[in-house]
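Since we're looking at a predicted model, the values are computed, not measured.
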Amino acid sequence: MALLLFPQNLAFAGDAPFTSPNNWGATGLMETPTARVLENGKFRVGVGYVDPYLYYYGAVSPLRGLEIDGRITEELGTEVGKDNPTWQGYGNNKDKAVDLKYQFLREGKYWPALALGIMDPHGTRVYAGQYLVASKQIFPFDFTIGLGNGRFGKAPLARSDEAIKVELFQNPREWWNDAQVFGGIEFHPTHWLSFMVEYNPIKYEAQTQDPARNRYFKDPVPSKINFGMRVKPFDWAQLDLSYQRGNQFGANLALCFNLDNQLIPIFDMPYKEQEQYRYNPLAERISRGLYLSGFRDIGVKISGSEIRVQAANVRYFYNMKAMGVLLKVLDQILPSEIQKIQVVLTERGIPMISFSTLRDDLRGFQTEVFKVPDFVSLSRLQTNVYSTLDAKILHRRYFDYGIKPEFQTFLNDPSGFFKGRAGVATWVSLQPWKGANFTVGAEAYAWNDISSSVPSFPNPVRSDIVNYLEKDVAVSNVMFEQILKTRYEIYGKVAAGLLEIEYAGLDAEMATTLLGGRILAGVGGSLVKKRDPSNPFKLTNNDWDDNYKTAFFNTRVNFQALEMYVDVKAGRFLAGDKGARVTVTKSFLNGVQLAAWYSFTDTSIFTDQYNNGYHDKGISISIPLRLFLGRDSRTLYTYSISPWTRDVAQDIGHRTALFDFIGRNTNRFVHKDSPMIR
């Protein structure tokens with residue numbers, strides 16, 4: 001009995017069901033946070049309102065215990081354009097911030113969960129602060145107490161501009177002297193309803209950097225006790241109603257999703273060979289089955305008891321899933337005398353990954369005698385494959401095309417906070433030989449109100465992008481691209497033409513894999529000129545030095561257990577500033593990717609106040625179209641948020657980034673949730 005009880009004494013408690021957002025999006029009560037965090041892989045968006053604040057927020061948990069929150073705080077009744085003609089049309093003042101919360105101790109039977117929060121450590125820091133907080137469940141109650149400075153402290157924190165300030169670490173004594181206590185209780189009697197009460201120490205009248213302070217908070221608020229309730233009609237939606245500060249009603253609507261799950265379950269009809277085709281030659285039967293299953297450029301070669309198959313995956317987002325579909329077709333068709341199987345998947349005619357197995361092992365996998373890891377351990381998965389199959393290639397893919405909706409936002413311009421454009425993007429491509437691709441792309445927008453009142457910077461390299469985005473019709477690219485793969489897994493790429501919406505010229509890159517794909521390393525660079533925004537096929541003649549050059553040493557480190565990788569691009573950027581940009585990317589099982597980047601470059605070449613001393617930064621999300629189709633697809637949408645009014649650490653857009661080409665087509669990571677079976 002003691003042996004059975006011992007593990008229970010060390011068991012950790014989960015944060016659910018107390019993982020709802022507070023007013024401004026962090027997991028918490030109303031105005032205060034708790035030590036709870038979103039579950040790993042969860043994503044949340046919402047809007048909160050407590051006069052005079054309107055919050056638009058999003059939050060994600062890329063790793064267990066880590067919560068990243070992004071928010072826009074609109075201070076109602078604080079119209080910016082009243083005293084500044086440049087900002088007419090912008091509307092109310094809006095503050096942007098990114099917050100972090102890390103739960104460094106999970107709750108146990110005898111101890112609470114402990115978390116550290118860092119609010120808005122960079123920039124204007126209007127609502128900045130750091131806090132330590134503890135939460136303990138005595139279900140159905142959750143008790144919280146914390147200590148925080150800045151927004152929760154006795155005085156506001158000073159702006160940091162381009163520096164990152166965390167007083168808790170950089171000046172603990174100052175943090176302690178400024179900090180105040182906060183806390184509260186949440187009561188969760190049923191899964192769809194909970195009640196809250198909190199003590200909110202914020203001295204609104206002392207928050208001198210808050211644009212709402214002079215109009216709304218000349219005196220202390222009537223009460224520091226807030227009350228609220230939460231209603232959760234669905235697992236993915238909830239509504240909070242509250243009474244705060246003793247004089248204001250509040251509301252908060254949040255939607256929550258799991259980034260590891262599909263929004264719509266994917267079902268691709270499995271191939272089932274019809275009776276009339278079973279008497280055709282074996283190679284013809286296999287080619288037909290693979291063609292109908294989403295493959296092209298199919299070759300089959302049979303030699304005694306061995307068969308070799310080559311095919312290009314044009315349907316499945318994951319190559320490992322494509323491999324699973326291909327093997328299932330073979331298992332259905334192959335006769336008993338075939339004992340050895342080798343499959344090679346290609347991309348643009350380039351052999352990328354080889355999978356070799358025995359017929360009996362394949363049969364055991366298809367009948368679920370073996371699980372995915374067992375089957376893979378009995379087989380051979382390789383990326384050091386270089387030659388294509390010496391066989392007749394059927395269903396060759398020479399031409400390809402695509403069309404997809406396009407939606408782009410243009411945020412925070414002085415002439416209006418929210419601008420954008422919506423339309424369609426289309427492209428057509430020709431693949432004349434192995435590794436070659438000629439592409440023409442165009443965009444057309446039915447709605448486009450992008451414009452800017454910001455004057456042009458001297459010698460811009462990217463801050464003049466508005467001149468291109470304001471066009472309703474554009475030729476996005478007209479380019480030729482050649483990719484090569486040589487021995488020792490060395491890849492090369494050369495591209496020429498109209499490379500992206502703003503630049504034309506030459507782009508080249510080389511890369512290789514190290515330590516079994518755990519590290520990618522390479523070099524790259526470009527020599528480009530700027531395109532004329534008024535003529536899609538003309539180049540400007542008055543550029544800075546008449547051309548732009550880049551040169552980089554690139555590195556990617558894969559952390560397979562975390563489904564993450566880190567990219568470092570070091571060298572010379574478009575404007576001539578030298579340094580590095582670091583990008584961290586987190587992948588989820590459904591194909592969604594979240595990325596964030598930050599640059600460190602020598603900005604002394606810039607003479608304006610906006611670029612000198614600046615660090616380029618931004619976030620992006622890549623969403624596969626398969627999430628919304630109910631079937632598999634290789635189409636990917638990417639949405640990025642980054643300041644466009646800067647020229648620091650800028651690179652041209654690459655239609656095919658060599659690291660992504662290698663990683664997407666040669667990922668050998670297999671686990672219990674492998675896409676081979678999804």
So that I can tick it off, tell me whether Asp120 and Arg125 are bridged by a salt bridge, with the cut-off set at under 4.0 angstrom between side-chain N and carboxylate O. no
Check whether any side-chain heavy atom of Leu66 lies under 4.5 Å from a side-chain heavy atom of Val37, and answer yes or no. no
So Tyr53 and Tyr127, would you call those rings parallel, tilted or perpendicular, with 30° and 60° as cut-offs? perpendicular
For Tyr49 versus Leu54, what's the shortest heavy-atom pair and its separation? CB-CD1, 3.9 Å
Cation-pi geometry met for Arg646 and Tyr614 (6.0 Å, 45°): yes
Do Ser476 and Tyr468 have side chains that approach each other closer than 4.5 Å (heavy atoms only, starting at C-beta)? no
So, do Val197 and Asn226 sit near enough that their side-chain heavy atoms are less than 4.5 Å apart? no
Kindly assign one of parallel, tilted or perpendicular to the pair His188 and Phe139, based on the angle between their ring planes and the thresholds 30° and 60°. parallel
Answer yes when Arg215 and Glu79 have at least one side-chain N-carboxylate O distance shorter than 4.0 Å, and no when they do not. no
One should read off an interatomic distance between Leu594 CG and Ile68 CD1, to the nearest 0.5 angstrom, of 8.0 Å
So Trp24 and Thr73, do their side chains get closer than 4.5 Å, heavy atoms only? no
Taking the six-membered ring for Trp, are His615 and Phe600 parallel (under 30°), tilted (30 to 60°) or perpendicular (over 60°)? perpendicular
Should the ring pair Trp447 and Phe407 be called parallel, tilted or perpendicular, given that the plane angle runs from 0 to 90° and is split at 30 and 60? parallel
Regarding Ser194 and Glu186, is there a side-chain donor-to-acceptor distance under 3.5 Å anywhere? yes
Taking the six-membered ring for Trp, are Tyr90 and Trp87 parallel (under 30°), tilted (30 to 60°) or perpendicular (over 60°)? perpendicular
Should Gln248 and Tyr216 count as side-chain neighbours, where that means a heavy-atom distance under 4.5 Å? no
Less than 4.0 Å between a side-chain N and a carboxylate O, is that true for Glu443 and Lys471? no
Please find out if less than 6.0 Å separates the ring center of Tyr199 from that of Phe182. no
Would Arg581 count as a cation-pi partner of Phe573, with NZ or CZ less than 6.0 Å from the six-membered ring centre and within 45° of the ring normal? no
Can a donor-acceptor pair be found between the side chains of Asp647 and Ser463 at a distance below 3.5 Å? yes
Hey, are Arg151 and Asp210 close enough for a salt bridge, meaning a charged N less than 4.0 Å from a carboxylate O? yes
Does a sphere of radius 6.0 Å around OH in Tyr610 hold more than 12 heavy atoms from other residues, nucleotides or ligands, not counting ones at 6.0 Å or beyond? no
Got Pro233 and Trp192 here, is their nearest side-chain heavy-atom distance under 4.5 Å? no
Assess whether side chain to side chain donor-acceptor pair (under 3.5 Å) is satisfied between Thr124 and Asp95, documenting all intermediate values. CA-CA 8 Å; Thr124 58; Asp95 180 77; 3.1 Å; yes
Salt bridge check, Asp69 against Lys101: does any charged N sit closer than 4.0 Å to a carboxylate O? no
If we only count heavy atoms from C-beta on, is the Lys42 to Cys256 side-chain gap below 4.5 Å? yes
Is any NZ, NE, NH1 or NH2 atom of the basic residue among Asp632 and Arg626 found under 4.0 Å from an Asp or Glu carboxylate oxygen of the other? yes
Side-chain contact, heavy-atom cut-off 4.5 Å: Tyr598 with Val584? no
Should Glu67 and Arg44 count as an ion pair when the cut-off is N to O under 4.0 Å? yes
Distance to the ring centre below 6.0 angstrom and angle to the axis at most 45 degrees; does that hold for Lys94 and Phe417? yes
